[in-house]
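Bear in mind that the values here come from a model prediction, so they are computed numbers and not experimental data.
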Amino acid sequence: MKKSNLPYFIFFFINVAILVSCYFYPVSRDEFYYLEKVNTPNLFTEYYDSYVRVNPRIGQFFSNLISRNIFLEITFGLLLFNGFVAVLFLNIYRKLPNFRESKDLRKFMMIAAFFILLLSYFGEMFYYTPFSTNYTLTHLFYLIFVFLFTEYYIYRREDHLNKINYILLVFFGLFIGMGNEHIPPVLLLMSFLGGAYYLFKNKKLPNLRFIILPISIFIGYLMLFFAPANRVKEKVVGKSPFDIETASYLSNFKNIFKTYFYYNIEFIIIGILIIISAFIFRKKLKMSILVKREMLIYVPFLLLPLFIVAVSPLMGPRLLFFSTVITIIILYKLGIVLQEYFKFKFCAFVSYAFLMVFFIFSLMITFHANQNYKFIINEIKKEKLKSDDVILSEEFNYFDDRFGTRLNRKILLESGKDYIDENANDNKSMELNLMNYYHLKSLKEK
């Protein structure tokens, strides 16, 4: 195989692997809500009900749209992965990749490999639709905002910004504002600080588009923050966002570090190695002053969300996703200058090998999990013929014993072992959805 054709072969393979992995990805946690695929409600009515009662984030609309159709699921998974890596490419190289050029494709896959290596919960962010729509999709737009912000305030370029139609800009801002509770406030604060500095230095207001965009984000965030569903969630957890106790706040900071240590140890180790190497050889590395300023401006983007996440009564790696991705961009930029200094020549081939191995594992793990899901569902159907009170002899167990828990967890959201318990009277949401879909009186394990 010619050297110039190898990137295209790897690119084709990983895209096929993503399609197949999305197809085999087992029904997990909130996806049991979407078992009913025939009598689907009106999407706008369903989202309005969610806005009032359950989840007001705009990503929930797309979760409802995509999760009931396997063709939409695999198509969305493919587009999301390529789109997300393309936006990482945009922030790193200040341009979108040209897939007709093998050089750009090689860089694209090196970024993909580095990103997947450092993200220990890849599957839940790209295969599991409730998270891929509510978090990964919205974060893609946050990263576009970060690009526009650094392009305008650091590089003093307005080309990309001026190409955005005002109406589109308003919808873009509203979408960002309604994305998640913990990132839009950071984007708004950075917009205010960037605009204030620009006004102080230039004695004039920034580009009108960078006034309209933060205002749109603010309006969207108000629509999210004051949504009736958030009042419902506050009653469930028994806590308001304004109920900030010093002890619990500091405890949540400890939980943030524990979450990173448990879920992202590769991220910590490789990050420390790159930062130490960059510090030791800092005087010999070639980095323009603009790139240094850009990397400096990333620091508040990655730190500020952590102060907001610490207020959350719930903790999970998905809440740290934005800070993790911004850090990965910083590390990759440092990696580029280190590579140029040390003249590493095999980074691309190591990336290709890693991607091949990772997605082979992805195929094997998702296939095994899908087989387990089908086995349990078939047993429910079989037992249903005997009685409406179904007792299962086996449990959901998506993890493949041939691989360690860590690798299974990198692909799958969870093992599913606790989806069904031995108590027929105490039913979790997964059990209730299965009972409703298969018209059961009770469901439990032996």
Ring geometry between [Y] and [X] (parallel below 30°, tilted from 30 to 60°, perpendicular above 60°):
{"X": "H139", "Y": "H182", "answer": "tilted"}
{"X": "F131", "Y": "Y135", "answer": "perpendicular"}
{"X": "F61", "Y": "F44", "answer": "tilted"}
{"X": "Y332", "Y": "Y93", "answer": "perpendicular"}

Legend entry - Working for salt bridge (Lys or Arg N to Asp or Glu O under 4.0 Å), residues E414 and R29: CA-CA 9 Å; E414 54 204 4; R29 203 186 299 176; 2.8 Å; yes
Inset, instruction - Using side-chain hydrogen bond (donor to acceptor under 3.5 Å, both in side chains) as the criterion, list what pairs up with K258, not counting sequence neighbours. - result: none
Inset, instruction - List in chain and number order the residues that pass side-chain hydrogen bond (donor to acceptor under 3.5 Å, both in side chains) with E394, two or more places apart in sequence or in another chain; answer none if no residue qualifies. - result: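 side-chain hydrogen bond (donor to acceptor under 3.5 Å, both in side chains) list for E394, sorted by chain: empty.
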Inset, instruction - Just do the side-chain hydrogen bond (donor to acceptor under 3.5 Å, both in side chains) check on E266 and S120 with the steps written out, would you? - result: CA-CA 8 Å; E266 302 96 327; S120 296; 2.6 Å; yes
Do the charged groups of [X] and [Y] touch, with an N to O distance under 4.0 Å?
{"X": "R68", "Y": "E46", "value": "yes"}
{"X": "E181", "Y": "R57", "value": "yes"}
{"X": "E383", "Y": "K386", "value": "yes"}

Regarding [X] and [Y], is there a side-chain donor-to-acceptor distance under 3.5 Å anywhere?
{"X": "S63", "Y": "Y34", "answer": "yes"}
{"X": "N15", "Y": "N82", "answer": "yes"}
{"X": "E31", "Y": "T129", "answer": "yes"}
{"X": "N64", "Y": "Q60", "answer": "yes"}

Distance-only donor-acceptor pairs under 3.5 Å for side chains of residues 99-113, two or more places apart:
residue: D104; atom: OD1; partner: K95; partner atom: NZ; Å: 3.4
residue: D104; atom: OD2; partner: K95; partner atom: NZ; Å: 2.6
residue: D104; atom: OD2; partner: N98; partner atom: N; Å: 2.9

Inset, instruction - Among I276, I275, I269, find the one that has a side chain to side chain contact (heavy atoms under 4.5 Å, CB included) with L273. - result: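 So the option named by the test is I269.
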Legend entry - From F81, F76, F84, Y127, residue fulfilling side chain to side chain contact (heavy atoms under 4.5 Å, CB included) relative to S132: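 Testing S132 for a side chain to side chain contact (heavy atoms under 4.5 Å, CB included) against F81, F76, F84, Y127 leaves exactly one candidate, F76.
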Would one find more than 12 heavy atoms of other residues, nucleotides or ligands at under 6.0 Å from atom [atom1] of [X]?
{"X": "L168", "atom1": "CG", "result": "yes"}
{"X": "F175", "atom1": "CZ", "result": "yes"}
{"X": "R53", "atom1": "CZ", "result": "no"}

What distance do [X] atom [atom1] and [Y] atom [atom2] have between them, rounded to the nearest 0.5 Å?
{"X": "N372", "Y": "I377", "atom1": "CG", "atom2": "CD1", "value": "10.0 Å"}
{"X": "K444", "Y": "E422", "atom1": "NZ", "atom2": "CD", "value": "8.5 Å"}
{"X": "N91", "Y": "Y298", "atom1": "CG", "atom2": "OH", "value": "4.5 Å"}
{"X": "N55", "Y": "L224", "atom1": "CG", "atom2": "CG", "value": "8.5 Å"}
{"X": "L119", "Y": "K410", "atom1": "CG", "atom2": "NZ", "value": "6.5 Å"}
{"X": "F359", "Y": "I365", "atom1": "CZ", "atom2": "CD1", "value": "12.0 Å"}

Inset, instruction - Given side-chain contact (heavy atoms from CB on, under 4.5 Å), test I326 with L143 step by step and report yes or no. - result: CA-CA 8 Å; I326 294 294; L143 291 176; 3.9 Å; yes
Inset, instruction - Would you confirm whether the ring centroid of Y352 sits within less than 6.0 angstrom of the ring centroid of F9? - result: no
Legend entry - Ring centres under 6.0 angstrom apart (H368, Y398):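 Ring-ring flag for H368/Y398: false, centres at least 6.0 Å apart.
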Legend entry - D388 and Y438: CA distance, side-chain angles, deciding distance, side-chain contact (heavy atoms from CB on, under 4.5 Å) verdict: CA-CA 9 Å; D388 289 337; Y438 290 105; over 6 Å; no
Inset, instruction - Please step through side-chain hydrogen bond (donor to acceptor under 3.5 Å, both in side chains) for the pair S415 and N397, ending with a clear verdict. - result: CA-CA 5 Å; S415 68; N397 184 12; 4.9 Å; no
Legend entry - Test log, rule ring-ring contact (aromatic ring centres under 6.0 Å, His included), inputs F122 and F126: CA-CA 6 Å; F122 175 82; F126 287 89; 4.8 Å; yes
Donor-acceptor list for residues 16-27 side chains, cut-off 3.5 Å, not counting sequence neighbours:
residue: S21; atom: OG; partner: A17; partner atom: O; Å: 2.7
residue: S21; atom: OG; partner: S362; partner atom: OG; Å: 2.7
residue: Y25; atom: OH; partner: L413; partner atom: N; Å: 2.9

Legend entry - Sequence-distant partners of K428, salt bridge (Lys or Arg N to Asp or Glu O under 4.0 Å), two or more places apart: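 With neighbours one apart ignored, the set is D421.
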Legend entry - Under the salt bridge (Lys or Arg N to Asp or Glu O under 4.0 Å) test, residues paired with R94 that sit two or more places apart: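 With neighbours one apart ignored, the set is E151, E294.
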Inset, instruction - Quick one: do N180 and Y142 satisfy side-chain contact (heavy atoms from CB on, under 4.5 Å)? Show the steps, please. - result: CA-CA 10 Å; N180 299 103; Y142 299 157; 3.0 Å; yes
Inset, instruction - Evaluate side-chain contact (heavy atoms from CB on, under 4.5 Å) for I268 paired with Y260, printing each intermediate quantity in order. - result: CA-CA 8 Å; I268 295 173; Y260 267 113; 4.2 Å; yes
